[in-house]
2 protein chains.
Amino acid sequence: MAVTMNDVARAAGVSLKTVSNVLNNYEFIKPATRQKVLDAIAELGYEANLTARSLRSGKSRMLGLVVSDLSVPYYAELASRLMTVAAARDYRVLVEQSAATRANELTALQGSLSQLTDGLLFTPLVLDADAIAAARRGTKPLVMLGEHIDDPRFDQVTMKNVGAAKAMTAHLLAGGRRRIAVIGASPGDGAGSPGLRLAGYREALAEAGVAFDPALIVPAEWRRDGGASAVARLLDGGQPFDAVFGLNDALALGAMHELLLRGVRVPEDAAVAGFDDIDEARFSSPSLTTVAPGMNEIAERCVQLLIDRIEGSEKADSGVHVEAQFELRIRASAPADRVSQLPQTGTSPASASAAEGKVDP
Amino acid sequence: MAVTMNDVARAAGVSLKTVSNVLNNYEFIKPATRQKVLDAIAELGYEANLTARSLRSGKSRMLGLVVSDLSVPYYAELASRLMTVAAARDYRVLVEQSAATRANELTALQGSLSQLTDGLLFTPLVLDADAIAAARRGTKPLVMLGEHIDDPRFDQVTMKNVGAAKAMTAHLLAGGRRRIAVIGASPGDGAGSPGLRLAGYREALAEAGVAFDPALIVPAEWRRDGGASAVARLLDGGQPFDAVFGLNDALALGAMHELLLRGVRVPEDAAVAGFDDIDEARFSSPSLTTVAPGMNEIAERCVQLLIDRIEGSEKADSGVHVEAQFELRIRASAPADRVSQLPQTGTSPASASAAEGKVDP
DNA sequence: CTGAAAGCGCTTACAG
DNA sequence: CTGAAAGCGCTTACAG
């Protein structure tokens with residue numbers, strides 16, 4: 001029913017191979033022959049059957065993207081950009097959600113997703129480098145996204161977690177904050193985004209001569225509700241603090257929501273900072289100070305790296321590691337200068353018993 | 001290199017067809033034969049080549065999803081759910097972004113997306129029913145999402161736009177609001193989400209005996225920044241209002257951000273309501289009153305309808321139309337009772353000159 | 001520069 | 001219940 005290459009060949013009076021040559025931009029074709037073929041294609045409305053091409057050539061021009069949950073704003077924004085960047089090189093992106101479970105991450109690596117695609121952009125959250133190396137079958141390219149893995153065996157595109165968290169912490173310290181709670185990590189975390197960002201926090205504290213207090217490090221699921229309940233626990237525990245650093249924006253926004261609900265003023269009683277600079281951060285009330293981790297650069301570099309591996313133009317023997325540049329976005333939730341925000345009031349540490357809220361958005 | 005059906009057939013001592021029969025759950029196979037085949041599959045680690053299956057059978061077990069922009073929270077949350085629902089029926093979802101341009105919507109309908117998938121979930125924003133009917137090639141099933149199209153030729157899954165907007169407006173009126181600004185529509189809008197939601201708003205006003213004032217209807221791009229700038233124009237125009245109904249949550253959240261920035265108290269000076277109930281709405285400050293449009297139901301019904309069309313179990317001659325049930329989510333930005341919020345202050349209409357902001361989150 | 005043939009790995013009539 | 005053969009629509013060596 002659909003028009004095939006055979007129909008085109010017949011209409012143009014050439015062989016199948018010649019049509020294929022034209023479609024694949026083979027260079028040594030007589031202009032007249034090429035034109036005959038192009039005319040026939042246009043006249044018949046021929047479109048190549050991608051499935052047949054894929055079966056024969058072994059290439060699908062699809063990239064797989066594995067994230068835990070596409071409804072997480074950071075992943076949604078990343079996926080959207082990845083699709084746009086990939087489309088510019090004539091690739092599609094096929095997304096798979098892992099729900100951050102071991103079984104699903106293994107399936108993503110071994111199952112039909114990798115069969116359907118030419119390579120994978122993988123954000124592992126539970127599998128470690130050895131598990132991934134062991135699970136991997138075949139030789140299709142694999143680029144790691146995020147910071148859970150840091151291993152010379154793998155190509156990897158990340159953000160400057162340590163440096164960015166350090167810069168943000170330094171910003172809060174410069175604003176006069178001394179008891180900065182961290183939401184989304186455990187004191188002992190070493191690897192992955194939580195551990196790296198916590199390390200940056202500690203470096204900044206050390207340079208400023210501020211003691212590290214493990215009581216200020218509050219574990220939480222990296223979602224808005226996780227941030228909210230972490231702050232609730234912090235306030236209920238009576239631990240004084242004058243700033244909250246959510247290790248991603250969802251945590252920070254959830255934290256800010258709970259603070260305001262409890263009557264803690266932001267930024268007067270407690271500054272709030274996040275990490276990711278999702279679109280929502282600009283429009284929260286107060287707007288959220290956060291780290292812009294260079295998402296555009298991440299999207300471009302990882303698609304480019306993966307396609308270069310697929311097409312063989314990137315030949316490095318060991319893993320290529322790319323780190324995107326970050327920027328701080330200073331907004332109302334944690335302004336540069338604490339004093340200028342509060343000409344008359346002065347500062348008081350936040351607590352569960354803070355008075356009626358008053359917010360400067 | 002990969003294990004093929006032929007290898008399995010040889011190992012099991014049966015023909016290719018028998019292996020195929022086992023894989024496709026053909027019922028009349030001797031248990032012993034089936035077991036031999038299953039053993040061989042397990043031993044060799046055979047996995048069916050989906051591309052070959054797709055080429056031969058003409059079915060890919062992929063659904064196409066066309067939205068304007070996957071980074072829009074509503075679409076991200078919808079896509080995430082669609083994937084989960086589809087996966088339960090052993091289908092994948094391939095997403096394409098149209099950027100709400102005519103050219104891209106046509107491409108999505110005619111191009112390689114429809115070739116790669118067994119059917120399309122399509123959210124048209126610029127194409128109308130006739131254009132879609134004309135552009136459509138072949139006979140692959142197509143289910144419309146959203147309200148831009150309402151045409152008996154097409155299957156369609158929508159929300160109760162009119163009823164939900166009417167209920168929300170009635171809620172605002174019941175709270176004592178009389179000058180309710182609408183963000184995201186033009187006074188003349190008739191069709192699509194803006195027109196339908198505006199119609200619900202007008203019905204509620206009429207039933208309450210409140211006059212419709214076109215000066216309160218403010219057009220805007222359906223994004224956070226659109227909501228913010230629409231409110232800025234409204235305030236700058238000096239038009240008094242005591243509530244803002246953003247026709248989606250992004251608009252409402254952007255509007256709320258701008259109100260608070262200008263010192264307009266929410267909900268004291270102006271209540272704010274939205275539409276969609278994205279996750280963010282629960283965690284804004286104040287939390288956002290909005291319409292939950294039944295996204296789970298929408299996701300389930302549209303995937304089910306599309307797959308039933310693909311597999312032939314849905315045989316209706318004309319378009320099947322499904323409307324999901326909605327619920328109001330009453331939160332702090334527009335509580336049920338205005339007076340209880342303000343025991344001592346009373347009400348004053350918002351204006352650009354409103355005094356220093358004070359927010360009850 | 002172009003053609004005739006083989007084959008990617010399945011499913012699908014068609015026999016038996 | 002199972003087998004041998006054809007064919008989905010391409011690309012890829014191999015000739016010439």
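Given the structure is predicted, the values throughout are model-derived calculations rather than measurements. Side-chain atoms are counted along with the backbone in the values below, which use heavy atoms only and exclude waters and symmetry mates. Letters A, B, ... mirror the listed sequences (proteins, then strands); counts begin at 1.
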>> Looking at every heavy atom in both A:A79 and B:L70, which two are closest together, and how far apart are they?
In response: CB-CD2, 4.1 Å
> For A:N24 and D:dA13, what is the distance between atoms CG and P respectively, to the nearest whole Å?
Replying inline: 13 Å
> Looking only at heavy atoms, what is the nearest atom pair of A:H321 and A:P152, with distance?
Replying inline: NE2-CA, 4.3 Å
> Nearest-Å distance, NZ (B:K59) to P (D:dC8)?
Replying inline: 17 Å
> Just by distance, with hydrogens left out, do B:Q35 and B:D39 show a side-chain donor and acceptor under 3.5 Å apart?
Replying inline: yes
> For the pair made of CE in A:M5 and C1' in D:dT11, what is the distance, rounded to whole Å?
Replying inline: 8 Å
> What's the closest nucleotide to the B:N49 side chain, out of D:dG9, C:dC10, D:dG3?
Replying inline: C:dC10
>> Please report the distance, rounded to the nearest Å, between CG in B:L55 and C1' in C:dT12.
In response: 13 Å
> Looking for any heavy atom pair under 4.0 Å, which part of the strands does A:T51 touch: base, sugar-phosphate only, or nothing?
Replying inline: nothing
> Closer to the 5' end of DNA chain D via nearest nucleotide, is it A:Y46 or B:R56?
Replying inline: B:R56
>> Can you tell me the base-pairing partner of C:dA4? Count Watson-Crick or G-U wobble geometry only, both distances below 3.5 Å, and say none if there is no partner.
In response: none
> Nearest of D:dC1, C:dT11, D:dG9 to any side-chain atom of B:S57?
Replying inline: C:dT11
>> Of the options C:dA4, D:dG3, C:dC10, whose atoms approach the side-chain atoms of B:T18 most closely?
In response: D:dG3
> Nearest-Å distance, CG (A:N25) to P (D:dT11)?
Replying inline: 12 Å
>> Testing B:L94, B:V143, B:L113 one by one against B:L120 for a side chain to side chain contact (heavy atoms under 4.5 Å, CB included), which residue passes?
In response: B:L113
> Just how far, in rounded Å, is P of C:dT11 from CZ of B:R61?
Replying inline: 12 Å
> Would one find a side-chain N or O of A:S20 under 4.0 angstrom from OP1 or OP2 of D:dT11?
Replying inline: yes
>> Heavy atoms only, 4.0 Å cut-off, all strands: where does A:K17 land among base, sugar-phosphate and nothing?
In response: base
> Which one of A:T51, A:L55, A:N49, A:L50 satisfies the side chain to side chain contact (heavy atoms under 4.5 Å, CB included) criterion with A:R53?
Replying inline: A:L50
> C:dG9, C:dT12, D:dG9: which one has an atom nearest the side-chain heavy atoms of A:A52?
Replying inline: D:dG9
> If pairing requires Watson-Crick or G-U wobble contacts with both distances under 3.5 Å, which nucleotide is the partner of D:dA13?
Replying inline: none
>> Testing the 3.5 Å rule here: is there a donor-acceptor pair between the side chains of A:S112 and B:R92?
In response: yes
> Taking the side chain of B:K30 as its heavy atoms from C-beta onward, which of D:dC1, C:dG9, D:dT11 lies nearest to it?
Replying inline: D:dC1
> A:N21 side chain: which of D:dT11, C:dT2, D:dC10 is closest?
Replying inline: C:dT2
> Across the strands shown, which category fits B:I29 at heavy-atom distances under 4.0 angstrom: base, sugar-phosphate, nothing?
Replying inline: sugar-phosphate
> CZ of A:R34 versus P of C:dT2: gap in Å, rounded?
Replying inline: 10 Å
> Could you give the CG-to-C1' distance, from B:L16 to C:dA13, as a whole number of Å?
Replying inline: 15 Å
> Counting any heavy atom closer than 4.0 Å, what does B:N6 reach on the DNA or RNA strands: base, sugar-phosphate only, or nothing?
Replying inline: nothing
